[in-house]
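Per chain, numbering begins at 1; letters A, B, ... match sequence-line order. Just so we're clear, the structure is a prediction, and the values are computed from it rather than from any experiment.
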Amino acid sequence: MSNPYNPETVELAAQKFWDDARSFEVGEDADKDKYYCLTMFPYPSGKLHMGHVRVFTINDVIARYHRLQGKHVLQPMGWDAFGMPAENAAIQRGIPPAKWTYSNIDDMRGQFKRLGYGYDWSRELTTCRPEYYRWEQWLFTRMFKKGLVYRKNSIVNWDPVDQTVLANEQVIDGRGWRSDALVERREIPQWFMKITDYADELLEELDNLPGWPEPVKIMQRNWIGRSEGVELSFDVAGEGEPLTVYTTRPDTLMGVTYMAVAAEHPLASKAAQSNPDVAAFVEACKKTDAQEATLETMEKKGMPLGISAIHPLTGDEVPVWVANFVLMSYGTGAIMAVPGHDARDWEFAKKHGLPIKQVIAPTDGSRIDIDEAVYLERGVLVNSGKYDGLDFDSAFNAIAKHFEATGQGQRKVNFRLRDWGVSRQRYWGTPIPIIYCDDCNAVAVPEDQLPVVLPEDVELKGTGSPLKDMPEFVNVPCPQCGKDAKRETDTFDTFVESSWYFARYTCPDSDDAMLDERAKYWAPVDQYTGGIEHAILHLLYSRFFQRVMRDEGLTDVSEPFTNLLTQGMVLKDGAKMSKAKGNVVDPQELIEKYGADTVRLFMMFAAPPEQSLEWSDEGVQGSYRFLKRFWTAVQEHTAGGPAAKLDADSLTGQLKELRRKTHQTIAKISDDFGRRHSFNTAVAAAMELLNAINKLADESAAGRAVAREALQAVVVMLSPIVPHICHELWQVLGNESALIDETWPEVDDSALQLEQVEVVVQVNGKLRGRVTVAVDASKEILQAEALADDNVQRFIDGKAIRKVIVVPGRLVNIVV
RNA sequence: GCCCGGGUGGCGGAAUCGGUAGACGCAACGGACUUAAAAUCCGUUAUCCGAAAGGGUGUGCGGGUUCAAGUCCCGCCCCGGGCACCA
């Protein structure tokens, strides 16, 4: 071969062409059909990993496909640049987080360009730049004025040795990752955003997102967790204040045999003062981390407080316990326990010898033994006095009505969703624009004093934020009264930056508003691609922020992402590839060895996008081999000179067959790209077509014309996945235009027509033969042909035919 | 613990609406080319029985619906993701 495939030469030339032609820079053209194609931006960890290559390649394929379909495509890229790894690097290696981050960004940008992604780099965003975070500080101050943010105490993981707050991932088996000390729960004041104000809308509008995967919508619905229940008060003997609880099962009220409160509940604190055992228990409850998974799986412990609540219907006394599984921050910090009809209450009652009372019976009248197993179904009330015999709905209504009349309770819609705590006790984040004044309390930084710039030249020691030790940052006059005041030193959760970056890409250089007119042209994002691990938090926060921006008059759009593709993880050794786990595979080596196209092709071919992909180093070779065969096939074809014009109507035999395959493949790949996002099967179809082209050894004018048409189609259709080699081969095929400006091939329906079709014959559902019949053969002919088959005869011989099922074009099933 | 996915040859996966299980690729084996190796090309490859024709078995496990189940229903097991401070 005189002209072997050299990926590096081919790829650098194609990239230079796109750069020189500014192929991916787009403006706002009202006459064009816009398509905003976005991928979740990366954290600049410094090294590209396979998860990045996967998600960015998927998105680039979709973007390039829609461009070939004639859309005006925007595909931007940027950096989710704040976060913990930069602080860790600073502590371990003494490099300031900013310096480390900017250097990582430069490295990764280079890697992305080498992979040939079609980004509009003129819109690049970096969230740790004041030009960016200034606007989220601004939005926060607007939310502050509207009462959409507030400050309250909440629980953090406290490392008593390092004297610092730990992230959940820094807690390993209940201990601090550096100190190995047992982590404690500690309450500190933090800022919250009222996402619960939007709970109803966020829930209801999930129904208007047909372009989202169903599992993601289900997860969000469950997360928001709307429930209808009753909030009611139990008087406590000897106490002035009643104990308020929320229940979704008021029908089980007569089954209450005890109450339980959180360790931080005022009743527990009060009992602890006189009872040292309770005091010790309350202390012990705080010696655990604050993760839900820990709380749900730990041993359920509790002890009686020695006080009683009065059952609001019977007047009976029920004991009040303190329990480690009841949390102050959820609901009212107290629960009514119905051990007969709640799994956790049942388990707890069994363990502590508390009474279990059956108040619900199965609707079918069957008997159950409540001492043997808890009964969770909605049924008919029993042992409930005047409510006996009622079903769930009637009992719910009757009991709710009763308490509304007595004033002891009311119906209440509750959400599992909690307000979003955005304070982080860390340095490397957006400063929260608040100033604390002894006289004026918390004051928002005025708009003309924004941004509050994060000092970048710092030294991190690993014990708390260095901002606290910087008087020039902390000490400021109060914006309201001018007296000496202090700046907030907490920073925002990094999810805040990622909750609106998609909108900012439309106008990244706007310096007099968060968003300008250009946002109206591009929003919403037409296609959003990212990891399934973001199915709840990031996507829910973004939907919330979009609505906050809407209500601020910045946009008319409520839903930020019209279509969502959640790609599966790249796993290595059965676990998520992550910097934390240290099981990252470096794609750089593969790019150097085989080129970007091979890596892109392999990632798209190895698994369907939604499924997780277990990484293995094998198989890349096969993708490389395919590209070489592809290259050689085109070179050998063009060596024979230009092909003659195709006369489709005169084709016969294998030429007609190859042309049919070409058009079947166009139809298949169009569907796989556009509708199914099934790139692995699209690649397989292209491979099959190329195999068929290679098998055809017909150097006649008609043969060359058919082969040329097939090769041209493969080059265009594979170009979203392997754009560099296709760019080159398009030129080799003698085309004057640039492939990036071409259009997708069209299916010629007349080429798809078949005369004969093979039909499977089954006897009792087992495959026994095949017959070939005319495409339009009637059911009767089909049945007759099937029965005439020799092998079929062997199996039906001497038996009565009970039934024959004929599915035209597919099969005949003979039941004997 | 709770919520959401997944489980198909030696491996990655295909089978799109209940209708031929294993497309496409990897690996392996056999052959061609070569002094040799690499590269490339051709062939075989779920498994068991059989010389072949053909037949039995087979989509994590146990049941069920159906003429027909990888696909639908019920009950399990195992693996992955999320669980509010990793991003």
Side-chain angles (χ1 to χ4, degrees), chain A residues 1 4 40-43 45 80 82-85 156-157 165-171 190 213-216 218-219 221-223 225 290-298 325 343-344 417-426 493-495 498 531-538 540-541 566 568-569 571 574-576 578-580 602 605-608 610-616 618-623 625-626 628-629 632 668 671-672 675-676 678 680-681 683-688 691 758-762 764-768 770 791 794 802-805 807 810-815:
Chain A
M1 172 53 69
M40 292 177 188
F41 66 166
Y43 178 81
S45 57
D80 189 11
F82 278 134
M84 276 203 319
V156 294
N157 300 308
V165 174
L166 297 180
N168 284 337
E169 107 170 327
Q170 297 172 316
V171 179
Q190 308 209 65
E214 207 52 48
V216 173
I218 293 169
M219 281 191 269
R221 273 188 205 107
N222 292 340
W223 186 261
Q291 299 183 56
E292 188 182 294
T294 308
L295 297 167
E296 292 274 347
T297 51
M298 71 188 175
F325 59 87
R344 199 170 54 183
L417 179 69
R418 308 198 300 267
D419 278 336
W420 177 12
V422 293
S423 295
R424 295 293 179 269
Q425 296 70 45
R426 287 183 220 298
D493 177 5
T494 56
F495 272 124
S498 56
I532 184 67
E533 69 271 25
H534 293 294
I536 297 174
L537 292 178
H538 162 62
L540 194 63
Y541 292 150
T566 47
M569 316 255 172
L571 306 180
K576 175 180 170 180
S578 74
K579 7 183 204 311
F602 176 70
F605 184 52
E610 297 87 353
Q611 279 179 31
S612 55
L613 181 155
E614 171 69 37
W615 178 260
S616 86
E618 299 146 4
V620 179
Q621 185 78 32
S623 295
R625 259 204 300 264
F626 170 75
K628 280 198 283 188
R629 276 207 308 277
T632 307
K668 160 99 180 131
D671 189 44
D672 280 353
R675 178 182 64 91
R676 298 211 303 154
S678 174
N680 54 331
T681 54
V683 172
M687 286 175 168
E688 273 191 68
N691 289 344
E758 189 185 73
V759 169
V760 167
V761 186
Q762 297 177 337
N764 286 345
K766 283 185 192 284
L767 178 64
R768 299 302 181 194
R770 298 158 198 277
N791 200 44
R794 281 179 48 208
R802 285 167 44 204
K803 197 172 180 183
V804 178
I805 287 117
V807 184
R810 284 212 172 264
L811 62 69
V812 179
N813 188 12
I814 301 157
V815 185

Donor-acceptor contact below 3.5 Å, side chain Q170(A) vs main chain A167(A)
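The answer is yes, because a donor-acceptor pair under 3.5 Å joins these two groups.
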Under the side chain to side chain contact (heavy atoms under 4.5 Å, CB included) rule, what do Q190(A) and V156(A) come out as? Steps first, then yes or no, please.
CA-CA 10 Å; Q190(A) 308 209 65; V156(A) 294; 3.3 Å; yes
Side chains of N813(A) and K803(A) in contact at under 4.5 Å (non-hydrogen atoms)
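Side-chain contact under 4.5 Å: no.
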Could you tell me if the side chain of V812(A) sits less than 4.5 Å from the side chain of V760(A), heavy atoms only?
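SC-SC contact between V760(A) and V812(A) ruled out.
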Check: rC85(B) base within 3.5 Å donor-acceptor of Q425(A) side chain:
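Such a pair is found, so the answer is yes.
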Does a side-chain N or O from [X] land closer than 4.0 Å to OP1 or OP2 of [N], or not?
X	N	result
N680(A)	rA14(B)	yes
R810(A)	rG18(B)	no
R424(A)	rC85(B)	yes
S612(A)	rG80(B)	no
R676(A)	rA15(B)	yes
N791(A)	rA53(B)	no
R768(A)	rG55(B)	yes
K628(A)	rA39(B)	no
N691(A)	rG25(B)	yes

Pairing partner of [N] (Watson-Crick or G-U wobble, both distances under 3.5 Å):
N	answer
rG54(B)	rC49(B)
rA28(B)	rU44(B)
rG1(B)	rC83(B)
rG70(B)	none

Nearest-angstrom distance from the residue atom [atom1] of [X] to [atom2] of [N]:
X	N	atom1	atom2	answer
Q611(A)	rA15(B)	CD	C1'	13 Å
L540(A)	rA87(B)	CG	P	18 Å
R770(A)	rU20(B)	CZ	P	10 Å

Both E296(A) and K766(A) contact RNA chain B. Which one's nearest nucleotide lies toward the 5' end?
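Mapping each residue to its closest nucleotide by heavy atoms, the 5'-most match is E296(A).
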How are the rings of H534(A) and F495(A) set relative to one another: parallel (under 30°), tilted (30 to 60°) or perpendicular (over 60°)?
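Perpendicular.
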